[in-house]
Structure formats: structure tokens, C-alpha cells
Amino acid sequence: MGYPSKQPEIAQEAKDASCRPLKISSAFIVNSEIGAVLAVMRRNVRWGVKYIEDEDQLDHSLIKSFKEIRSKVFLWPNKWHTFNPVVYLQPFLDVIQSDETGAPITGVALSSIYKFVTLEVLDLNAVNVAEALHLIVDAVTSCRFEVTDPASEEVVLVKILQVLLACLKHKASVKLSNQHVCDMVNTCFQIVHQASSKSELLQRIARQTMHELVRCIFSHLHDVDNKEQCLTQVVSKQQDNGFTGSKIEDSLNSVVGSTNISGDTIGELDQTGQTTEAYGLPCMVEIFQFLCSLLSAVTNVGAGPRSSSLSYDEDVPLFSLGLINSAIELGGACFDQHPELLSLVENELFHSLMQFGLSPSPLILSTVCNIVLNLYHFLRAKLKLQLEAFFSTVLMRIAQNKHGAKYQLQEVAMETIVDLCRQPTFIYEMYANYDCDISCSNIFEDLVNLLSKSAFPVNSPLSAIHVLALEGLVAMINGMTERIGGEVSLLDYAMLDSEDHEPFWKMKCENYENSDYWVPYIHKMKYMKKKLMVGADHFNRDPKKGLQLLQGMRILPDALDPVSVACFLRYTIGLDKNIIGDYLGNHDPFCVDVLQEFAQMFDFREMNIDTALRVFLETFRLPGESQKIQRVVEAFSERYYQQSPDILANKDAALLLSYSIILLNTDQHNKQVKRKMTEDDFIRNNRRINGGNDLPREYLSELYHSICENEIRMSPVQGSDFRALIHDNWAGLIHRSRQTVPYIVCSCQELINNEMFAILSGPTVAALSVVLDHIEQEDVLQTCINGFLNVAKIAGCYHLDDVIDGLLASLSKFTTLLIPKPVEESILAFGSNTKARKSTIAVFAIANMYGDYIRLGWRNTVDCILSLHKLGLLPAHLASDETGNMEQVSESGPEKNGFLSSPAPTVLASAHSRNLSGLMGRFSDFLYYDTEKSAPQPSQEQLEAHKHAVETLKSCHVNTIFTESTFLQSESLSNLARALILAAGQSDEQGAVFCLELLIIVALNNRDRIMLLWQGVYEYITNIVQSAVMPGTLVENAVFGLIRICQRLLPYKENLTDELLKSLQLILKLDARVADAYCEHITQEIMHLVKANARQLKSHMGWRTITSLLSITARHPEASDPGFETLEFIMLDGAHLLPANFVLCINAARQFAESRVGDVKRSVKALDLMAGSAACLVRWSHKTKEAVGEEAEAAIKLYQDIGEMWLRLAQGFRKVCLDPREEVRNHAILMLQSCLIGSRGVHLQDEVWSQCFDLVVFALVSDLLEIMQEKTLKEHRNMEGTLILSLKLLSNTFLYSLSSLSRLVSFCKVWLGVLSYMEWCIKVKIRGKKSEKIHETVTELLKNSLLVMKSGGILVPSDDVGSDSFWQLTWLHVKNIAPNLRTEVFPDDENEQGFHDASVSVSSGGS
């Protein structure tokens, strides 16, 4: 069990042994290297000759030391880690430092040292390892040797570089001191410079080693204690770091002229160079400062980086920038923890980057951009204004070719911008920190505009820059898409206006790290900045009016004060510096106060007066008038003296010195001044100005040289694109960077997404459209399409309907569907054009995913759908309503009008076949074509195009737009319907039919919101119906579509029942030819509607529409059957009869009874339906009796209506009783009789019976008598029987209603009417003679009536004398009918009868 446990240890030991020597072998390595050095030395004449004569000089001291070590080395193996390595290293180091050794010997010694270090013969745990490393570094950095040949020299230099790098990578390198590390870097740099005159290989090795050294050093920055102090400036090491014959000299002077960076920059910790402190921040600061100084030195040589000719060595800045980039890549994350390093980056480094950023070299610009990109990543929170200056002054201006940059430079700048845009938080932080800062430019907005304009190919083909700019915009959009959060309400500017006035210069954020604080803060600042920009524009034109405008916008207080105006001038960007200078120099007391407050806003502490003056004058242009200059300089001097009392005695001294500096500046930099002021002249001019004493000469000398080297700009620089590069402006920027608000690191990007998108969307859509118009490459094409979709996604998230409308308008142009072409050409163009197909997919993807926020864009979408329909690319059934029912409007409807049928594919059709419509038409056309006229076969290209087109349409999911319209927001839904209507109005009939069908589907799928659509749908259908004069597909679909809407909605929308049924009245307005063509099918649909929704129909208006439609069908041959079936469904057994439809149904049934279109049986059946409806009156009458409470009031109304309905029913029968057909009229009379005498359950008022006799019974008998007298019997056969039935009806009805009639005042009138009509009937002649049947019938009916009246006590003998009494009038009429009836009815009253007869006869004769 023990063996396996030892196996890992053995394996680990083997692995260690492969990497480093065992301790027992270190002695052999040392011995071997001693032998190697001695062997090379003996080859040299100097070292190979022995002095035999003098035994004391048999060996040279260098050889002797090697031999001594060799004799002892094998005595140490067991105690190697306790042995001082200096002992065996010293001979090798002596050889390296010896002037007498040649290059081969020195090279072998260096190789030995390199072997000791890399193979860890020099162990980290060895005693005195730090001293050993120090000695190695000292020896190598002061290496000397004799040059024998160039090749050997280069070998030595390479080995020096190897040893230095190995020492720094050694585990014990942490014990190196700051001074040693600085020496190593200095030595390596000198070799780099010296290698420039040697082989290419040495140059590359030297540069690579320098990079490795810098990487090794700065990779340890994160391990450095934050409290470690940077070493102070020390005297540089005074020693000769060179080689005998070919020494490594202080070569930096030859690179940068007179600047001695080697002596001033790389210093030492003390005079002896001895220290026990491990290297750390001090050497890093020194090295980084040295690298920055290389850039500063180069910029001071020649004409500068903006020279048109390459007047400086491109190699040095590239090398320096590369080293700086390496340092930042490895240690940049820790720079902000060390103020010394951060200060170098903020000022010296960034100023150099600004200058080299405008270099004509693409390599330099690319390296600079890489550094800035790294600085942004690591230190953006500390470099707010520096980054702004670089972006605006260098990067964007090169990218947009502001100053004639070469194409390569533009491409590099654009690539950098795109890289920045791909950073997760870049655009958010640009917006939050710059666009929402009143003192900064709108970096984000400028970037968007730059990329958008750069993506536009103006009079040129699409180039790489155009594509890069597009990628930048798409990167921004993609970044926003990934960070879309919940719905964020847009900023309420009205609320900001209503807030109390708060000075903009006092606005602060309580916590710049908490989004709950900084998001509202930047909202306010952005809003304020917009107002300030407007105010600045007006101020530049007229300062007074500009300030008044700002007061009106509540930016400045109503009572203007100097502080607020001074803050406006100090912090607002966009102001004209000339106007500011004139305003501040004005003699007006208020302006003077503003000037004083303006000066108080500067912090001049720890600044030389020339720097302070630069900072002050950088904010405005010094006026030209002497008095204005005096006021401005006095204000400056007073403020400077307040903050620097230790230098100057009083403010007068500051004033005089300021004037003296301004004069010196004019003298030195005005070309018209021939004799320039010398340093002594300047010092002499400033004697005794400091309170009667002289200022220190060194102080004045420094001022003199500062002004001479860097002019104080008194006026804006010509070509203001470079303003940030000028010394004054850079000094002002550094000054402002100390006062600027903290940099906001955006961690909650979604909170400001919507505001940024409002800026980004317009330019992005425009750029995408332009590029998409010019591009054919598939990858760029897909990038554009993805960009459109992402824009739509963001716009949908923030409900920006105008953006989505714009997207659809743009994309629809690229579909080629809106270009009028012949069908075959259109399909070929669409199917073979990848851009068109992808654009079409994008259009419908947006419509499906973000339809809620489409407004006007629906028109573009519908136009595309309509075009696809015309091309025959849409399926026959594009969409269905909510029930998924895609059958035709009716099962018996016209088969040629299948719902949403699409034109057949026309790829293979000829010109003739295009004039036909429908699949069958095309098929028939194909069958009957002659061989000479046969359609041409499609080409392979056409087939492929059609295939691609069909596949594209499958990906579009066009039908989903309509089937899912249920989920659209109300406004979007309304716009969709409006778009369909507009498109239909501008299309041919086929297109109009298609749009109408889609419109109906949308309406059916949105039954819960039908009122949103109803008005538009109804008006459109009305226009179609009223304008149709002939049958056609459009009017047919309109009518049946309307019916279908009613069919689907009636079960669910009781509140809309009347509105829906009222719409069906349009059918009644159809032209006679149109109505006749579709009457049968309309009736069938009405039947379906009624059967399905009869219980929902309750209003009189709705039923009037239905019965009107049914009544029309009574005389239509094809439509009468379904019409009567519908009426029968309503009236049979009173199933769906209501007080609201009773009279209407009776009238409709009467028309069917009177109609001669059907057979007699149907008329009889109609009469039966009328008769059966009387049962409903009985039932309703009982309900009125039982009604109590709140229902009683309605019952009274119903009671009154029942009498009216009963009377209307009787009147309906009366009209049918005159029908020419005997069976019909006789049946009608019987049904009328059953209705009148069977109304026992109906509670009728007495007056109703009187009306019944007047309007029905008497009128019927009268009409029959008239027919018999005026009409021929050919039209009305067997009228005798009909008249007998009517007389029976008369008698029976009278007797049935006798009790009610007897109570009426008009009873006598009714009774006499009965007698009169009986009398007339017996006198009627049929075929020229009176009818015995009628006479017998009348006599019998009259006798029966008299007996009933007698038994009821209504007809009794009367003593009244006169002809107007009821008794006398009765017998007067009875005598004319049947004289013997009186004796039969009243046999006991014969005598009296004779008397009365005589009286009546007398009376009659007299009359």
C-alpha cells in the first residue's frame, strides 16, 4: 500500500528535475562554465601566453580566480544553498566588467551568468541572493569589452539583454532595488538605440526585450503597497555606462537633441546606490515618466507631429507608445491607486497622445488609439475631460476628415470608434457624463451623427469606412437591445418646468454611484443643458436679449444678479469667446460685478502666474480696448493674489507682473516685432515690483522661458479644430478636470436607454437605409437587417410608434413589391433579389412582433401584402377569424367566391392568361389553347425565383398579422383597419375584394372591440353597396361580409344588437339587379342568423330589419322558400314572437299568405302561423294580470298594446280574406273567425270590439260585396261560399262580443251595421239572380242573433214611440231581411207588432 502513495512524489520530483538542476549538479554546472570561459580565454593571445621567467605571474588574476573556484567547487555540493553565490559569480562578473576582455570572452561569461540564473543555480533560498543579483545587474549594466568584430559585438549585446531579462524574471527579482530596475531599463534602452545602426535582428531582439522588461515590471503593480511613496528626484548616477572601444553610451541625447533624459529621469536612491528596499512604485513611476518624456521630447523636435513632411523619426514615438501601452495593459487597473502614475497619465501622457493622435502616420495613430482604448477601460473615471478632448478633437475629426486626413487615418479612427462603441457601457457613459453635463460637449450625439454621416456614400461607391460606420451604429443598437429593461417612462419636462427654480450651477448629485440619484440628476441636467444651448445661441447674437430669454426659461433668476450671469458665462459651452470678453470688459457696473464674480470661480492655488493667466484667458478672448484689458487683468490679479500671497507682496505686484507677462507674450510672438526682448530685459523690466523688492531671478527666468516656448493665445486659434493641443487650452483643461463633476459609471443602462435611443434611432435608420440601398454583400446586408430589427425591438419596448412607422416605410422600399411591374417580372425581381426577400421578412417580422406600436406603418405593410396577393404568392386562405372557420360565406353560397382566394401563380402565364382570374379560368384557358398559342415554358431562372419567393413567404407569417390582431392595442388596430380601407380604395376590384376580406377577418377577430372598427367598416361597406349598380365580386363580398359580421357578433354583443341589425338595412338599399342576383343567398344567411340568434333579438328596430328582409323574399321565386322557413321558425308555436316583433311578423306572414309565388299550401300555412300567434296574446294577457310591483307599470303598457296587436292581427287576416284564391281566402276567413271568437283569454277593452267591427268585420263584408259586384267571377271563384263564411263571421263575432258591445254607447250603431250588411248580402246577385243560400244563411244567422239578444235582455219591447228607438230600428231592418222573424222570436207580441208595422209603414211612406 505504500508504493502507490509515493508515486506522485516521484513524478513531481522528476518534473522538478526536468525544470531545474538538482543541487548536487550545480557544482558541475559551475565547473563546466568555468572551463568554458577558460577555454575561450586561452584562445586569445593575451591570455594564452605564460610568463615562465616570473613564476608569480604564471596566471592572470582573472584566470587565477577561476582556478581557485574550480578547486573548491566540488567541496560544496551538500551545502550549496548555504554557500554565498557571490564567491563563484565574482570571477564571471569580473570578466564582464574588465576592459581587457574581448567580445567572445565577455559573451561566454554572460552566457554562464544567464545559465546560472535560468537554471536556478542561483536559488531563491540561497544566502545573500539579493546581493548576488545586485552584483549581476551592476556588472551587466556596466559591461565593458574590446570590440573585435561587429558580429561578436552584437552577440554580446544580445546576451546582455538576455541576462537582464532573466534577472527580472527570476524568482529572486523581488529583491532587486528600485535603482537596479531603473538601471536595467536604462541599459536596455541604450542598446535599443545603439541597435538602430546595427542588424535588423539585434533591433528586434532589443525592442522585444525592452517590452518584456516593461511588462515584467508593471505586472507587479497590483502587488505594490498603496502607501508606498514615490522616490524623489535624485541625482543621476555618475558613471560611465559604456564599452571600451564600443561602449553603451547615453544615447538618448542623440535621439531627442539636448534633452538629457537619461541623467534626469532614471535616478538612484542614494549616492552609493545601495539599498535593501525591494523595487516597487518608485521605479515604476520613474520608468513611466521616462517613457512619457520620450514622447514629450520628440514633440519638441522639428516642426511637430502635424508637419506635412515627416520631420521626425517615426520609430521613436512608435517604440515609446508601444512600451506605454504594454505598461498600461498590465498595470492600468492599478494606476488610479497611485497618484504619481495617475498624474502622469492625466497631464503629460495624454497631452502627448493628443499631439501624436494628429500624426500623419497611421501606425502612430493606431498605437495611440490602442492606448486610449486601454485608458478608457481602466481609468475613464479619472480622465473625464481628457477623454472628451481626445474624442472630439482628435478621433472624431480625423474620422470625418475635418483636416484632410488620409484615408488610412480615417479608417484607423473609425475602427477605434467602433471598438469603443462595442464596449458595454461606452455609449451610456458618454451620454451620462458628457451629453448631460452643461460644461461638456455632446459626445454621444456627435458620435451618432458622425457615424450616420460617415455611413452615407456620397457620390462614391460603398467603402470600408462606410461599413465601419454602420457597424458602429449597429454596435450601439445591439448594446441597447441587450440592455432593454422594463418600461421606463419618458421624462416629463412639464414637471421639470413646474419645479421651483434651482440654479443650475448649484445642482449636485447626492450619490454618483447610486442610480436612484444620478439618473434623475442627469435628466435635469440634460433638460437644463438644452435650455442653456438655446440661451447661448441667443446670447451670441445679442447678450441682453439672450439673458432675458434665459430669465424667461427660468434658467436665470427674475432679478438678475452677477453670480448667476458669471456662472452662465463660466460653465456654458457654445458661447462665443469674443462676446464673453467684450461683456466682461464692459464698463457697465453690472458687467464689472460679473467680471469680479467670474474671476472668483477660478482656483489658482499652486499655479505659477503664467499658468494661471493661461487658464483664465483660455475661457474668453481678451478684448482689444486698453480699458477693457485693464479691468480684466485687475480682476485676474486680485484673484491670483488672494490664492498665492506667499509669492507676491500685494495685488499690485500681481497686476504689474501680469501686464509684464502679456507684454512679453506680444513681444515674443508678434511677427511685427523685430527686436525681441531678452531674458535680462524681462528681468530688468520687473525690478522692484514686488512691494519695492525684486522677485527671485529664477522665478522670472522660468516665466520668461515659459512664455517664449508657449505663447499665451489672446484670441481664438485659426483652425479651432486643434484648440485642445494648445498649451493654454490644455492648462485650462487640467484646471477644469479638478473641478468637474465625478465620472458616472453606468451600471443601470436601461434607465437611460429610452432617452439615448431617441437620439440614436433617426440617424441609425437613415444610415441603415442608405447602406442597404447601396450594398449587395450578404454579410453587410444581414447586418443592416439585424440593425432594423433591433431598432424595432427597442422602439417597441419604449412604445415609439413613429420610429417603427419609419422602419416599415424604409424597409418596404427595398422589398421591390411596391414597384409597378408585370407579374412575371415582379416575381423574378423579388425571388432573385436577396435584399428584397430579407427586407420583406423584416417587414413582416416587425409587423408581427411590434404591431402594437404601428400607426401609419400599417399602410406600407398592407401595400406589401396586397402586392404579394397580386403576384399569387399568398396562400388561398391567408387568415381566419377567431373560430378558424374558413368555409365560404354560406354552404350554398357562390362557389366562385371562396373567402380570401388568391390569384393563381402567374409565373408561367402569358399575357393573355393574365387577363383571366381564378384557377379554373386559367385551367380552362390552358385546355383550349392552340399549339401555336401555348404558354411558353418558364426558364430555370424563373423557377428558382419562384421557389425562393415561396420560401420567403413561408418565413413571413403574413397570416399571423390578422389572426393575432386580437392582441393589438386599440390605436394600432384602428390604424390597421384604416390602412386596409385606404388600400382597398386605391386598388382594382380584385385588390379591393382582398382588402375587404382581410378587414372583415380583423373585425371578426376583435368582436370584443368591434366598436373601434365598426364605424369604418360600416361606412366602407355602405359605400360599396350604394355605388354598386351591377352584380360583382366586391359588392357580393361586402354584403355577405356584413351578414357574417352580424352572425358572429350577435351572440356576444347584446348591446350592439340594434346597431348590427340596423346595418343590414343596407341590403334593402341594393340596386334591384344586385339584390335580385343575391337574394336567395342573402335570405339563407338571414335564416342562419335568425336561427342562431333569435333569443338575442329583442328590439323592435332589429326585428323590423329582419322582417323587412323576409317580406321582400315573399315574391322572389328562389328566396321565398328560405324566407318562409325563417318566418316559420320565428312564429311557429309563438317560439320567438315578442310584443316587439308581433305586428312585424304578422305583416310578413300576411305577405307570404298573399304571395302567389309559392303554392296554396304555403299561403294556408302562413295563415295558420298568423292564427297561432293569437295564443301569444293570450299568454301575454295573463302575464299582465300577474304583474305586480315594478312590473305593473310595464304591464299596463303591454295591456294597451295587446289590444292593438290583436286588432292588427285581425286586419292582417282581413286583407288575405280578399285573396283571389278560394282556398286561401276561405281559410283566412276561418282563421279570422277563430282569432276573433277565440280571444277569450285576451283582455280587450270594449272600444276595441267597436274598432274591430269598423276596421275588420264590416270592412271585410263590404270589400267582398264590392268584389262580387265589380269583379268578374273568373278572378274570384265561388265568392258565394266566401260571402256566406263572412256572414257567419259577422254573426258569430257579434254574438261573441255582445256583452262588451252592449256596454258601449255606439252599440246601436254596431247592431244596425250588422243588420245593414245582412240586408245588403241578401240583395246581392250572383250571375244575375239572388242567392238562396245567402238568404237562408242570413235569415238563420239573424234569427239566432235576435234570440240571443232577447235572452240576454238586450232586445226587449219598448214603449217608446218613434222611429229612432233601438226596438223600432231593429225591427225595421229585420222586416227588410225576413219579415216573419218577429213572430218567431216574439210570438206574444203580434197585436203590438201590427200596430208598429202600420206606424213604420206610414213613417216609411212619408220618408
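Bear in mind that the values here come from a model prediction, so they are computed numbers and not experimental data.
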What I'd like to find out is whether the side chain of Ser320 reaches to under 4.5 Å of the side chain of Leu291, using heavy atoms alone. no
Side chains of Phe539 and Thr572: closer than 4.5 Å at any heavy-atom pair? no
Should Leu365 and Ser361 be marked as a side chain to side chain contact (heavy atoms under 4.5 Å, CB included) after you check the CA-CA gap, both sets of side-chain angles, and the distance that decides it? CA-CA 6 Å; Leu365 176 61; Ser361 168; over 6 Å; no
Per side chain to side chain contact (heavy atoms under 4.5 Å, CB included), Pro763 is matched among Leu451, Leu447, Val448 by Val448
Heavy-atom pair of closest approach, residues Thr393 and Leu358: O-CD2, 4.3 Å
Under the criterion ring pair (Phe, Tyr, Trp, His ring centres under 6.0 Å), I'd like the reasoning laid out for Tyr512 against Tyr521: C-alpha separation, chi angles, the key distance, then a yes or no. CA-CA 9 Å; Tyr512 288 93; Tyr521 168 74; 5.8 Å; yes
Do other residues, nucleotides or ligands put more than 12 heavy atoms under 6.0 Å from the CD atom of Gln408? yes
Is there a side-chain contact between Met210 and Ser326 (heavy atoms, below 4.5 Å)? no
Any side-chain heavy atom of Glu618 sitting closer than 4.5 Å to one from Lys577? yes
Does any part of the side chain of Thr764, heavy atoms only, come nearer than 4.5 Å to the side chain of Leu473, both counted from C-beta? yes
Taking Ala327's backbone N and O only, do any of them form a donor-acceptor pair with Arg215's side chain (distance below 3.5 Å, no angle check)? no
To the nearest 0.5 Å, tell me how far Phe682 CZ sits from Ser701 OG. 9.5 Å
Does Phe391 form a ring pair (Phe, Tyr, Trp, His ring centres under 6.0 Å) with Phe444? I'd like the steps, not just the answer. CA-CA 10 Å; Phe391 293 153; Phe444 172 70; over 10 Å; no
So, Glu711 side chain and His669 main chain: donor-acceptor pair closer than 3.5 Å or not? no
Going from CE on Met756 to OH on Tyr428, what distance comes out if it is rounded to the nearest 0.5 angstrom? 6.0 Å
Parallel, tilted or perpendicular: which describes the rings of Phe288 and Phe335, with under 30° parallel and over 60° perpendicular? perpendicular
Can Ile217 and Val181 be said to form a side chain to side chain contact (heavy atoms under 4.5 Å, CB included), step by step? CA-CA 8 Å; Ile217 294 168; Val181 173; 3.4 Å; yes
Which atom pair, heavy atoms only, marks the closest approach of Ile609 to Phe636? O-CZ, 4.0 Å
I'd like to know if the side chain of Thr666 reaches the main chain of Ile662, judged simply by a donor and an acceptor atom lying under 3.5 Å from each other, with no hydrogens or angles considered. yes
Any donor-acceptor pair under 3.5 Å from Asn374 side chain to Asn370 backbone: yes
Taking every non-hydrogen atom, the tightest pair across Asn442 and Tyr434: OD1-O, 4.4 Å
What I'd like to find out is whether the side chain of Ile443 reaches to under 4.5 Å of the side chain of Asn433, using heavy atoms alone. no
After noting the C-alpha distance and the side-chain angles of Thr367 and Phe356, does the key distance pass the side chain to side chain contact (heavy atoms under 4.5 Å, CB included) rule? CA-CA 10 Å; Thr367 308; Phe356 280 102; over 6 Å; no
Any salt bridge linking Arg380 with Glu429? Criterion: basic side-chain nitrogen under 4.0 Å from a carboxylate oxygen. yes
Step by step, work out the side-chain hydrogen bond (donor to acceptor under 3.5 Å, both in side chains) result for Glu445 and Asn449. CA-CA 6 Å; Glu445 190 170 347; Asn449 293 331; 4.6 Å; no
Any donor and acceptor pair, going by atom type alone, linking the side chain of Glu388 with main-chain N or O of Cys440 inside 3.5 Å? no
Trace of the side-chain hydrogen bond (donor to acceptor under 3.5 Å, both in side chains) decision for Ser454 with Gln400: CA-CA 7 Å; Ser454 299; Gln400 59 188 340; over 6 Å; no
Parallel, tilted or perpendicular: which describes the rings of Phe602 and His735, with under 30° parallel and over 60° perpendicular? parallel
Between Arg570 and Phe598, is there a donor-acceptor pair closer than 3.5 Å when you use the side chain of the first and the backbone of the second? no
Please check if the side chain of Arg614 supplies one atom and the backbone of Asn710 the other of a donor-acceptor pair under 3.5 Å. yes
Atom pair CG (Leu323) and CZ (Phe189), whose distance is rounded to the nearest 0.5 Å: 9.0 Å
Test item: Asp576 and Ile580 side chains (from C-beta on) under 4.5 Å apart, heavy atoms: no
Tyr640 and Asn608: which non-hydrogen atoms are nearest, and at how many Å? OH-C, 3.5 Å
How are the rings of His351 and Trp730 set relative to one another: parallel (under 30°), tilted (30 to 60°) or perpendicular (over 60°)? parallel
Any side-chain to backbone donor/acceptor pair from Ser343 onto Glu340? Under 3.5 Å, distance only. no
So Glu679 and His705, side-chain hydrogen bond (donor to acceptor under 3.5 Å, both in side chains) or not? Walk me through it. CA-CA 8 Å; Glu679 180 179 347; His705 290 290; 3.2 Å; yes
Going from OG on Ser737 to CD1 on Ile734, what distance comes out if it is rounded to the nearest 0.5 angstrom? 4.5 Å
Distance (rounded to the nearest 0.5 Å) between Arg397 CZ and Phe390 CZ: 13.5 Å
Using every non-hydrogen atom in the two residues, find where Ala389 and Leu733 come nearest and quote the distance to one decimal. CB-CD1, 3.5 Å
Over all atoms of both residues, closest heavy-atom pair of Glu346 and Lys382: OE2-O, 3.4 Å
Let's go through Leu353 and Leu375 carefully: what are the C-alpha distance in whole Å and the side-chain angles of both, what is the deciding distance for side chain to side chain contact (heavy atoms under 4.5 Å, CB included) to 0.1 Å, and is it a yes or a no? CA-CA 11 Å; Leu353 293 176; Leu375 289 175; 3.8 Å; yes
Can a donor-acceptor pair be found, under 3.5 Å and without considering hydrogens, that links the side chain of Thr611 to the backbone of Met607? no
Closer than 4.0 angstrom, basic N to acidic O: yes or no for Lys384 and Asp437? yes
As an exercise, state the distance from CG of Asp435 to NZ of Lys530, rounded to the nearest 0.5 Å. 10.0 Å
Is there a donor-acceptor contact under 3.5 Å from the side chain of Ser293 to the main chain of Phe290? yes
Salt bridge Arg422-Glu471, side-chain N to carboxylate O under 4.0 Å: yes
Going by heavy atoms in the side chains, are Ile752 and Lys526 under 4.5 Å from each other? no
